[in-house]
J.: 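Attaching a single structure in structure tokens format; questions to follow.
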Amino acid sequence: MKLESRTMAPIALAAMMLNPATARADDTATPVFSFSGFGTLGVVHSSESNADFTTTIFKPTGAGHSRAWSADVDSLVAAQVSVNAGPKLSAVVQAVSEQRYDNTYIPTVEWANIKYQFTPDFFARVGRVVMPSFLGSAYRKVAYASPWVRPPVEVYSLVPITKNDGVEASYRQHFGDVVNTIQGMYGVLTSENSDGTQARARNQGGIFSTFEYGPLTVHVAYHQAHLSVEALRSFFDAFRAFGPQGIAIADQYTCDGKLIPFGSVGASYDPGPWFLTGEWGTSNGHCFIGKRSGWYAGGGYRFGRFSPYLTYARAKASGTSNPGLTVSALPPFLAGPATGLNAALKGILGSAPAQKTIAIGGRWDFAKNAAFKLQYEHIRLGAGSPGTLINRQPAFQPGGRLDVFSATVDFVF
Amino acid sequence: MRPVSLANRIATALVGLASGLAAGTSAADVVVVVSASNPVAALTRNQAVDIFLGKSSRFPDGNPAVPIDQAEGAAARDEFYLSFAGKSAAQVNAHWSKMIFTGRGRPPREVANDAEVKKRLADNPNAIGYLDQSQVDASVKVLVSK
């Protein structure tokens, strides 16, 4: 993202300069600067050689077609600098190097914000934060913090735009043993697709609630944004050139200018020796994205340093179809382009992800600050659906089954 | 004994994979303490755990709470997190990686041993720590025990 390298340094500098006097370490042992990081080294194998398995549509390649064993799916390394300018003012910048839309590992800024802690239970942040669309969204790249290799793609891919450039407020309430945190945020975000075009979320607003009672955590999220998808603009403009029927189709399926709502509920129960987690999310864009939802449930047991687990995940998409432009009503010289547009529309509407995954795996905390994980997934694609697979080749058959095997080492430093 | 720690002990004993954890559970009892001058009268187990895990930064009476951890590897530390929060050292690490990398907080400052905990509590009436029950004296007030 173009803005990113420019946004990092000023935020850190501003936080230092705003309040230099309080940087003296009187009572608090909080360091003025702290440096930390995390990462994952992983390989993934997929049995489907005509498409790629990966985690997000913003990645250009994955395991299966592009590589039999891909290190691009999960591998990443991230560094974070925190600046504490006194007890109330702080700033954080976190950069993540992982496979980007352009198939490079140039670091991108995941977090870059200034935080002001008004009271112990109330803070505001200005800058970039990760939206807590799901229970584990905010730390989804910190695989060390998670029992499994990665968050289930059926659920977490429902919200491809994960960050917010804007403002956030967070208020924590205490009721006896219960801690409830309410967060609100507002802003914009621009993401780049693997084809180099941009997807933009404007007027992005959300409200999030996290309820914690001992080992129980319940997270509820709602957010909405006006999306615009540059890659499809000329496609829908082409439909519009065909008059009223084409305009109606373009208006129905373009996301541009439409409000895309999203909601989710998630809960986890982790008393220590075992854990259970479940999440559900849904969005309805009233555009080519259609109505999508996903859920998963998973759990595991901890035998000391070894934690085997099992998850089941499902993604649903209410399949839509449209006959497109009536080719027979068009002059012969327009029949070719119209047929091409109809086929492309069919492809877009038919690519809604529906799939079921059963995953079994284990985590081994083999060293302090490092864990080794193995995971096997069996994925059944929904009838006629390509699931969440990308890079689909002409020989790819939707609705099939595949096996995915992953091995990762997660670490923090 | 609570069912949680009982289940954990049975699991670790049966499997025998976690020599570190097993050693931790055989340590003496740990109690949560504040300075004798701290006005707080009572604290539940969850409230104490929330303070040490960065989910809360105050006592029920509204006064700020400053948690004091013991150094990694200290027997009292492993015992505290295992029996009060049900978390092994690795799970506590995983918890803090969630907090640090989302900008929500940093782990408590650490001291070397029980005696150092008492020193911090004497210096700061808002401090809260944990130590071996045998180290309890008139300078501290026990808020939660196992």
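Quick note on labels: first sequence line is chain A, next is B, and so on, each numbered from 1. The figures that follow rest on heavy atoms only: side chains count, while hydrogens, waters and symmetry mates do not.
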J.: Where does B/N93 contact chain A at under 4.5 Å (heavy atoms): side chain, backbone, both or neither?
T.: both
J.: Is a donor from one side chain sitting under 3.5 angstrom from an acceptor on the other, for B/D114 and B/Q70?
T.: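 B/D114 vs B/Q70: donor-acceptor pair found between side chains.
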J.: For B/K119, look at atom NZ and say whether over 12 heavy atoms of other residues, nucleotides or ligands are found less than 6.0 Å away.
T.: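 Open.
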J.: Could you check which of B/D50, B/I100, B/V49 has the highest count of heavy-atom pairs closer than 4.5 Å to chain A?
T.: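 If we count pairs closer than 4.5 Å to chain A, B/I100 comes out on top.
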J.: I'd like to verify something: which residue of B/M99, B/K98, B/R104, B/Q47 has the highest number of heavy-atom pairs under 4.5 Å with chain A?
T.: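 That would be B/K98.
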J.: Under the salt bridge (Lys or Arg N to Asp or Glu O under 4.0 Å) definition, can you give me all pairs with a residue in residues 169-182 of chain A, not counting sequence neighbours?
T.: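 Passing the test, one end in residues 169-182 of chain A: A/D121-A/R172.
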J.: For the residue pair B/D137 and B/S139, confirm or rule out a side-chain donor-acceptor distance under 3.5 Å.
T.: yes
J.: Non-hydrogen contacts under 4.5 angstrom with chain B: give the residues of residues 364-375 of chain A involved, or none if there are none.
T.: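 Heavy-atom contacts from residues 364-375 of chain A to chain B are A/D365, A/K368, A/N369.
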J.: Tell me, for A/S146 versus chain B, whether the close heavy atoms (under 4.5 Å) come from the side chain, the backbone, both or neither.
T.: neither
J.: Heavy-atom cut-off 4.5 Å, strictly under: side chain, backbone, both or neither for A/S36 against chain B?
T.: both
J.: Identify which part of A/S170 has an atom lying under 4.5 Å from any heavy atom of chain B, answering side chain, backbone, both or neither.
T.: side chain
J.: What residues, two or more places apart in sequence or in another chain, satisfy side chain to side chain donor-acceptor pair (under 3.5 Å) together with A/S75?
T.: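 Side chain to side chain donor-acceptor pair (under 3.5 Å) check on A/S75 returns nothing, list empty.
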J.: Checking heavy atoms, do the side chain of A/V142, its backbone, both or neither come under 4.5 Å from chain B?
T.: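 For A/V142, side-chain heavy atoms alone lie under 4.5 Å from chain B.
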J.: Which residue pairs pass the ring pair (Phe, Tyr, Trp, His ring centres under 6.0 Å) test when at least one of the two sits in residues 38-80 of chain B, sequence neighbours left out?
T.: B/F52-B/F80, B/F52-B/Y130, B/F80-B/F84, B/F80-B/Y130
